[in-house]
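The structure under discussion appears below in the form of structure tokens.
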Amino acid sequence: MNRRFLRRVVPLVAAIAALTAVPAASVAQTTQTTQTTQAAQADQAAPTYAHRQFAVGPQYDSTHVYVEPGTEQAFVASWVATFGGTTIGPNATQVTPTPSRTLSELVLSPVGTLSVFDYTTPVPSPFGTERTGWLVTDLDQAVRAARADGAAVTVAPFADPIGRDAVVQFPGGISAQLYVHTTAPSYPALASVPENRLYLSPDAVGGFLRSYLAFTRGRIVSDDRRADGAAIGLPATTYRLLTLTSGFGTTTVAVTDGHLPHPFGRELTGYGVPDLGATLERAKAAGASVLSGPVTAGGRDSAMVRFPGGYVAEVHTAR
């Protein structure tokens, strides 16, 4: 090649390279700045569901009680004789999105609200697995928030005779039904707020807490890693016990290896009463049976009670 031509070309190529070259650090910085800007814009555009309070009040958060067929009246009579309260119903109705039939009754007692179901048809899946029904301020936004906070929507929103519902499941298999009424309900305040009692494995508790606390806007009140096992039928042992609080009420989480004696882990809710002994006597006189206890542990006296229809409840008095 002609040397004079090379002498002209080489400087030109070098000049072009110098003009077009961008330092790698500058590229990375530009990319990072763009990504940061995009992330900030996405954060601003994203709905802040986790920061909204969807709870209305613990008197509107009912335990879902599925009784043995034909026992609804016996259960409700026993419950009211034990704790007091009033009832709405029963009504024969369909409360699921697919065909079914149940006697449905609402129990408003001083220690907690119960939604009682006595099915005259098979119960459509996955109903019967949800523990509670929570009244929310906005069903559609609550469903989106639950999903954003790591819960699965196991039953999409559907209409029922008096409103709309959906079922969500938090990590660890903990399901709750969310609902709104066409006409806003008005229930009396509770004498004591019941406990939503959960049992989880060490593998599941972390994911559950992240999702559940984000959705409920809750907080951990206490975390006892050496709680007295006598409270769950395991004297001379310890377990981890967390207490959570939110607008949906109180939740206790027992973290165990799953080696639980009957009936622990079968109860859905714990109920506080001023006098455990007197409450147990009323329960037995009304057809309930004491399955375990009374036992003193963790600053309370407690017992496990089975009511007609099969519903098992923890009942306790603080010491």
Side-chain angles (χ1 to χ4, degrees), residues 55-140 142-143 154-168 175-191 194 196 248-249 267-269 271 283 286-288 306-313:
V56 178
Q59 70 267 39
Y60 299 100
D61 304 327
S62 64
T63 299
H64 279 201
V65 178
Y66 286 72
V67 296
E68 297 161 355
T71 62
E72 176 270 334
Q73 291 186 11
F75 167 75
V76 170
S78 177
W79 184 269
V80 173
T82 302
F83 298 107
T86 60
T87 66
I88 301 174
N91 298 303
T93 186
Q94 177 177 319
V95 294
T96 59
T98 55
S100 67
R101 205 70 177 165
T102 183
L103 285 174
S104 177
E105 186 158 7
L106 185 69
V107 180
L108 303 174
S109 74
V111 296
T113 302
L114 288 76
S115 295
V116 184
F117 304 105
D118 185 342
Y119 273 82
T120 57
T121 64
V123 182
S125 179
F127 291 91
T129 61
E130 80 284 359
R131 307 171 55 86
T132 51
W134 290 344
L135 179 65
V136 293
T137 55
D138 186 304
L139 181 67
D140 294 316
V143 166
T154 55
V155 180
F158 65 96
D160 70 16
I162 58 174
R164 297 174 65 232
D165 310 79
V167 179
V168 299
S175 295
Q177 187 159 333
L178 311 179
Y179 76 94
V180 292
H181 280 175
T182 305
T183 302
S186 179
Y187 302 157
L190 301 173
N196 185 7
F248 293 104
E267 81 278 18
L268 302 179
T269 307
Y271 300 94
R306 183 188 187 278
F307 288 88
Y311 179 60
V312 176

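Atom set for the values below is all heavy atoms of this structure, side chains included, hydrogens, waters and symmetry mates excluded.
Residue pairs meeting the side chain to side chain donor-acceptor pair (under 3.5 Å) criterion with at least one partner in residues 115-128, sequence neighbours excluded, are Ser62-Ser115.
By the side chain to side chain donor-acceptor pair (under 3.5 Å) test, Ser175 pairs with Gln169, sequence neighbours left out. Residues that satisfy the ring-ring contact (aromatic ring centres under 6.0 Å, His included) test with Phe117, not counting sequence neighbours, are His64, Tyr66.
One distance of note links CZ of Arg306 with CD of Glu267; it measures 14.5 Å at 0.5 Å rounding. Here NE2 of His181 is found 7.5 Å from CG of Asp165. Values are rounded to the nearest 0.5 Å. Taking CD from Gln59 and OG from Ser186, the interatomic distance works out to 8.5 Å, rounded to the nearest 0.5 Å. For the atom pair Thr71 OG1 and Phe307 CZ, the distance stands at 13.0 Å (nearest 0.5 Å). The OG1 atom of Thr182 sits 7.5 Å away from atom CG of Asp160, with the distance rounded to the nearest 0.5 Å. Distance CG/Leu178 to CG/Leu139: 6.5 Å, rounded to 0.5 Å.
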Verdict with reasoning, Asp140 to Arg164, per side chain to side chain contact (heavy atoms under 4.5 Å, CB included): CA-CA 10 Å; Asp140 294 316; Arg164 297 174 65 232; 3.1 Å; yes

Chi angles and distances behind the side chain to side chain contact (heavy atoms under 4.5 Å, CB included) call for Phe83, Leu114: CA-CA 12 Å; Phe83 298 107; Leu114 288 76; over 6 Å; no

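The shortest distance between side-chain heavy atoms of Val180 and Asp138 does not fall below 4.5 Å. Looking only at side-chain heavy atoms (C-beta outward), Phe127 and Pro97 come within less than 4.5 Å of each other. Between Thr113 and Asp61 the shortest side-chain heavy-atom distance does not fall below 4.5 Å. Between Val107 and Thr87, some side-chain heavy-atom pair lies under the 4.5 Å cut-off. Between Val116 and Trp79, the closest side-chain pair of non-hydrogen atoms is not below 4.5 Å.
When all heavy atoms of Ser78 and Ala286 are compared, the closest pair comes out as OG-O, 3.0 Å. The two residues Thr137 and Ala55 have their closest heavy-atom pair at CG2-O, 4.2 Å. Closest non-hydrogen pair, Thr82 versus Ala283, comes out as OG1-CA, 3.3 Å. Here the closest heavy-atom approach between residue Ala166 and residue Ala156 is recorded as CB-C, 4.2 Å.
With Gln177 as the partner, the side chain to side chain contact (heavy atoms under 4.5 Å, CB included) test is satisfied by one option alone out of Val155, Val167, Val168: Val167. With Tyr60 as reference, Tyr187 is the one residue of Tyr179, Tyr187, Phe248 to meet the ring pair (Phe, Tyr, Trp, His ring centres under 6.0 Å) rule.
For the pair Ser100 (side chain) and Val123 (backbone), a donor-acceptor distance under 3.5 Å is absent.
No hydrogens or angles considered: a donor-acceptor pair under 3.5 Å links the side chains of Thr269 and Thr63.
Around atom CD of Gln73, no more than 12 heavy atoms belonging to other residues, nucleotides or ligands sit under 6.0 Å away.
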